[in-house]
Amino acid sequence: QLCQITGREIDALEILEETYKLRVKNLGEDHPDTLTTGTHYAISLTKNRRVQDAIPLMEKTRDRQAEVAGPDHTLTLATLNSLSLAYKNVGRTREAVEIGEKLLKSCERVFGEKHPRTITTTNNLALAYIANRQLEKGVEHHEKAIRRIAENDYEHEGVISIHNDLFHALDLAGQHEKFEKERIAWIKVITKKIGDKNPYYASQVVTLAYCQIRLKKYKEAEATLNDVFPLLKKILADGWGYFHAKALMGEILIQQGKE
């Protein structure tokens, strides 16, 4: 765990591999400690881009955990979550969705709808739907995750990434009117939470302008960018966000027939 925390993923993988083999030999495959290590070893394999090696171990560990500890045990659910993500990453999206749907039902039953793990599982299922080209269901589950986060006063470690996932899904689905509405609401939330003088706030406003351009609301997009340009110049003058905003403004001016 220390190796993983400090970013030494290769060292962590070597230690977990050795530990897993020793526990299989000394404790047996069905011992709780062996199963726990098997889960961590498989996750480490995925982090080291060895997903194809991780999947058989995850499948084996899932089956043994479900039989030994029960299908609703937290470790079984954790392995299912990792397996669903692994399936999605190698293009087995239908299987990722099937596991994700079952996992969400289990998490809602075991932890409750507003529990952080349930919210994360809801969002992961949405990503699986998107990967499986089920855009409407993907958007629906991203929105469900966001609603549950809002009910918890936005106290969730993945609140930013989950919002980004929602906006990406809305963009893919061509639902730009909803994109704009959700982005405006999110900007209000972050303004209240962290203020409007920081890079993250600026980036969200720029993305709002992008959405308005997609909706051909060029005057609104121009006003949005003009409002945030002073902040961008102050805190991101040499950053990608500032140059991205300038490129968007160029597109706006071209579309409006301005020089």
Without swapping roles, check the side chain of [X] against the backbone of [Y] for a donor-acceptor pair under 3.5 Å.
{"X": "N48", "Y": "R50", "value": "no"}
{"X": "T61", "Y": "M58", "value": "no"}
{"X": "N152", "Y": "E155", "value": "no"}
{"X": "T224", "Y": "E220", "value": "yes"}
{"X": "N81", "Y": "L77", "value": "no"}
{"X": "S84", "Y": "L80", "value": "no"}

Using 30° and 60° as the class limits, which term best fits the ring planes of [X] and [Y]: parallel, tilted or perpendicular?
{"X": "Y200", "Y": "W186", "answer": "perpendicular"}
{"X": "W240", "Y": "H244", "answer": "parallel"}
{"X": "Y20", "Y": "Y41", "answer": "tilted"}

Item to check | L172: hydrophobic cluster co-members (side-chain, 4.5 Å) | outcome: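 L172 clusters with I130, L135.
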
[atom2] on [Y] to [atom1] on [X], rounded to 0.5 Å:
{"X": "Q256", "Y": "E222", "atom1": "CD", "atom2": "CD", "answer": "5.0 Å"}
{"X": "N132", "Y": "K88", "atom1": "CG", "atom2": "NZ", "answer": "11.5 Å"}
{"X": "K137", "Y": "L125", "atom1": "NZ", "atom2": "CG", "answer": "8.5 Å"}
{"X": "L166", "Y": "I146", "atom1": "CG", "atom2": "CD1", "answer": "5.5 Å"}
{"X": "H156", "Y": "R117", "atom1": "NE2", "atom2": "CZ", "answer": "11.0 Å"}
{"X": "N124", "Y": "L103", "atom1": "CG", "atom2": "CG", "answer": "8.5 Å"}

Next on the checklist: I'd like to check the salt bridge (Lys or Arg N to Asp or Glu O under 4.0 Å) partners of E101; sequence neighbours left out, ordered by chain and number.
Outcome noted: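 Result, salt bridge (Lys or Arg N to Asp or Glu O under 4.0 Å) vs E101: none returned.
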
Item to check | Test salt bridge (Lys or Arg N to Asp or Glu O under 4.0 Å) applied to R214 - qualifying residues, sequence neighbours left out | outcome: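 E251.
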
Item to check | Residue of the set T34, T76, T79 for which side-chain hydrogen bond (donor to acceptor under 3.5 Å, both in side chains) holds with T39 | outcome: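 Going through T34, T76, T79 one by one, the side-chain hydrogen bond (donor to acceptor under 3.5 Å, both in side chains) with T39 is satisfied by T79 alone.
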
Next on the checklist: Among K193, K192, K114, which residue satisfies the salt bridge (Lys or Arg N to Asp or Glu O under 4.0 Å) criterion with D153?
Outcome noted: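 Testing each of K193, K192, K114 against D153, the sole residue satisfying salt bridge (Lys or Arg N to Asp or Glu O under 4.0 Å) is K193.
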
Checklist entry - Taking atom types as modelled and ignoring hydrogens, do the side chains of N123 and H141 form a donor-acceptor contact shorter than 3.5 angstrom? => result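 There is no such pair between these side chains.
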
Item to check | Exercise: do T118 and R148 side chains pair donor with acceptor under 3.5 Å | outcome: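 No donor-acceptor contact under 3.5 Å links the two side chains.
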
